[in-house]
J.: 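Quick one: structure below, then a few questions.
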Amino acid sequence: MNERLNHHLGQPKRDWIGDCATFKKDRRAAEFKALESFQSEKVKKSRPSLPLEGYAGTYVDPWYGKIQIDTKKDGRHIDFTVSPGLAGTLEPRTRR
């Protein structure tokens, strides 16, 4: 579509597929760099503000729906029950 539009507007030929692939590759590299930076800032000896039991329960959010937080033997877990892919382990986190 973009190639036809460029043609009708008298614009120079462009490799749209290659440009999009480069954009995606650069974007992904920037995301990984940001994630590495975020993870490196993690304070090793951070502690939760409340006892772990203080976080357990069912929460409701207008967008995410029901959210369950509970304790399992390997720590605190969160489960966005409406979205099966959104579940995992919770860790205390503070920034420097």
J.: Do the side chains of Phe80 and Leu90 join up, straight or via other hydrophobic residues, at under 4.5 Å, putting them in one cluster?
T.: yes

J.: Ignoring hydrogens and angles, tell me if any N or O in the side chain of Thr22 forms a donor-acceptor pair with the backbone of Gly18 under 3.5 Å.
T.: yes

J.: Kindly indicate, with the supporting measurements, whether the criterion side-chain contact (heavy atoms from CB on, under 4.5 Å) is fulfilled by Ile69 and Arg76.
T.: CA-CA 7 Å; Ile69 297 179; Arg76 183 77 35 210; 3.4 Å; yes

J.: Quick one: pull up SG in Cys20 and CG in Asn2 and give me the separation to the nearest 0.5 Å.
T.: 7.5 Å

J.: Surrounding CD1 of Ile17 (heavy atoms of other residues, nucleotides or ligands, distance under 6.0 Å), is the total greater than 12?
T.: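 Check fails, neighbour count at 12 or below.
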
J.: So, Thr58 and Gln68: side-chain donor and acceptor under 3.5 Å apart, yes or no?
T.: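 Yes, because at least one side-chain N or O of Thr58 sits under 3.5 Å from a partner of the opposite role on Gln68.
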
J.: In terms of hydrophobic clustering (I, L, V, M, F, W, Y; side-chain heavy atoms under 4.5 Å; direct or indirect links), are Trp63 and Ile67 co-clustered?
T.: yes

J.: Report yes if some heavy atom in the side chain of Tyr64 is under 4.5 Å from a heavy atom in the side chain of Leu86; otherwise report no.
T.: yes

J.: With distance as the sole test, does Thr81 use its side chain to make a donor-acceptor pair with the main-chain N or O of Lys66 at under 3.5 Å?
T.: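 Yes, because the side chain of Thr81 sits within donor-acceptor range (under 3.5 Å) of the backbone of Lys66.
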
J.: Check Lys13, His8, Gln11, Arg14 against Glu3 for a side chain to side chain contact (heavy atoms under 4.5 Å, CB included) and give me the one that passes.
T.: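 Result for side chain to side chain contact (heavy atoms under 4.5 Å, CB included) with Glu3: Lys13.
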
J.: Just to verify, which of Arg27, Lys33, Arg28 counts as forming a salt bridge (Lys or Arg N to Asp or Glu O under 4.0 Å) with Glu31?
T.: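 The residue from Arg27, Lys33, Arg28 that satisfies salt bridge (Lys or Arg N to Asp or Glu O under 4.0 Å) with Glu31 turns out to be Arg27.
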
J.: Looking only at heavy atoms, which two atoms of Asn6 and Pro12 are closest? And how far apart?
T.: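 Heavy atoms of Asn6 and Pro12 come nearest at ND2-O, 3.8 Å.
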
